[in-house]
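These numbers come from a predicted model, not from an experiment. Counting starts at 1 for both ligands and their atoms, in listed order.
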Amino acid sequence: MTNSISTRLAVIGSGPAGLTAAIYAARAGLSPIIIQGIQPGGQLTITTDVENYPGFRDVIQGPWLMEEMQAQAEHVGTKVVWDHITDVDLTRRPFRLTGDGGVTYFADALVIATGAQAKYLGLPTEEHLKGRGVSACATCDGFFYRGKKVAVIGGGNTAVEEALYMTNHSHDVTLIHRRDSLRAEKILQDRLFANPAIRVIWDSEVVEFVAGGQPEALVGLDLKSRLTGEVSRVDVEGGFVAIGHSPATELFKDKLELDSDGYIKVEAGTTRTSVPGVFACGDVMDKIYRQAVTAAGTGCMAALDAEKYLAAQEYEALAAE
Ligand code: NAP
C-alpha cells in the first residue's frame, strides 16, 4: 500500500470552496488532489433545498450539488482522496500533511478549505427539528418561512443581520437574546430597533424547541427568563440559531496567522495566508458572507493564486540552474 503521495497542489476540504479550487487547478494542469475530510461535500450536504445557487431555476438539493461539483472536479483531472488530515507541517517544502490512515501527503502548494460549522444550542429536540423549522442560516432557508412567525436567537452581528433579513419574508420576527444588550454593531442595532416587524425579547434563554403537528415540525420555543427563572412559550414556525460559527482551524493553530475568532487571515483581496504557498478559501477565512457561491468564488481565487505561486517557484528554480 502507498503510504506517501506527492502532488503539486493539495486541497484540504471538499465543500464548494475546495471543489472549485480543485476544478480550476485541474484545468490549469496542476493535477491536484483533494482530501475530503470528515464531512465530504461540507455544510451543503446537511442542507436540503438550495434556491440561491446561480444557474438553477428550480430548487436543487445541497447533496446533489456537491456530488455534481465533485464529479466535475474528477472529470477535469482531480484525484479525490477519502482521508482526514490530522497534522500539517508548513515549515518545510514541500509541505507535509499526515492523514488519519497513516498516508503522508507532500504538496508544493496547499489550499485550505476546511470550512466552518454553525454553533447550535445543543438542546434535545434541536437535531430532530433541523430542516423542519430549526436552521442556522436565514439567508439560506429564510425563504421557506414566508409569511410565518419566526425567531432569531443571538445578539451579535449575524443575529441582527438575520433578523433584518427575515423581515423580507415575515412581518413577525422575534430576536431572542440572553442578555440585556446586543453585541452587534450600533448601525445594525439602530436598523433593528427601527424595524416595526422585529421585537426583541431580552434576558432570555431558549430551553426547548417545541415540536408539533403532522409531519412534526417546530411550533414554538420555550424561553427561560434569566431574571425571574420563569418559562414562557413563543409560537414560531422558524427558529434561526445565530450564536456564531466555529472555523475548522484547529490544525493550523500556531502554524498560520488566525484572527481573534480563529479564522485564517488572508492578505486583502487575495487568498494568500501568512505562509507563502498556503492559500485559504471559503468559510475558513470568511466570517461575513458564508454562502456557497462566495465560497466557490474564493475557491477559484485560491486556485489562481496557487497557480501563480507555483509558476513563480518554477521560474526561480529554472533561473537558479
Ligand atoms: P458573535 O459575535 O460571537 O455573537 C454571538 C452571539 O450569540 C452573542 O450575542 C452571544 O451572546 C450569543 N450566544 C453565544 N452562545 C450562546 C448560547 N449558548 N446561547 C445563547 N446565545 C449565545 O457571532 P456572530 O454574530 O456570528 O459574529 C461572528 C464574527 O463575525 C464577529 O466578529 C462579527 O462581527 C463578524 N460578523 C460581521 C458581520 C458584518 O460585518 N456585517 C456580519 C456577521 C458577522 P453574548 O452577547 O451574551 O455573548
Atom indices of ligand 1, in the order listed, that fall short of 4.0 Å to a heavy atom of Arg179: 45 (P), 46 (O), 47 (O)
To the nearest 0.1 Å, how far is atom 8 (C) of ligand 1 from its closest protein heavy atom, and which atom is that? Arg183 NE, 3.5 Å
Within-cut-off N or O pair, Arg290 and ligand 1, under 3.5 Å: no
Side chain of Arg191, backbone of Leu164: donor and acceptor closer than 3.5 Å? no
Heavy atom of His177, distance to ligand 1 below 4.0 Å: yes
Show the atom names and distances, to 0.1 Å, of all donor-acceptor pairs under 3.5 Å that link a side chain in residues 13-33 to residues at least two apart or in another chain.
unit_1, atom_1, unit_2, atom_2, d
Ser14, OG, Gln36, O, 3.1
Ser14, OG, Gly41, N, 3.0
Thr20, OG1, Pro16, O, 2.6

What residue and heavy atom of the protein are closest to atom 39 (C) of ligand 1, and at what distance? Glu161 OE2, 3.8 Å
Between atom NE2 of His245 and atom CZ of Arg290, what is the distance when rounded to the nearest 0.5 Å? 4.5 Å
Atom CD of Glu208 and atom OG1 of Thr125: how far apart are they, to the nearest 0.5 Å? 3.5 Å
Please report whether ligand 1 has a polar contact with Thr158, defined as an N or O pair separated by less than 3.5 Å (distance criterion only). yes
Check for me whether the distance between the ring centres of Phe95 and Tyr105 falls short of 6.0 Å. no
Out of curiosity, is Glu205 lining ligand 1, as in a heavy atom under 4.0 Å away? no
Looking just at side-chain N and O atoms, do Ser170 and Asp172 make a donor-acceptor pair shorter than 3.5 Å? no
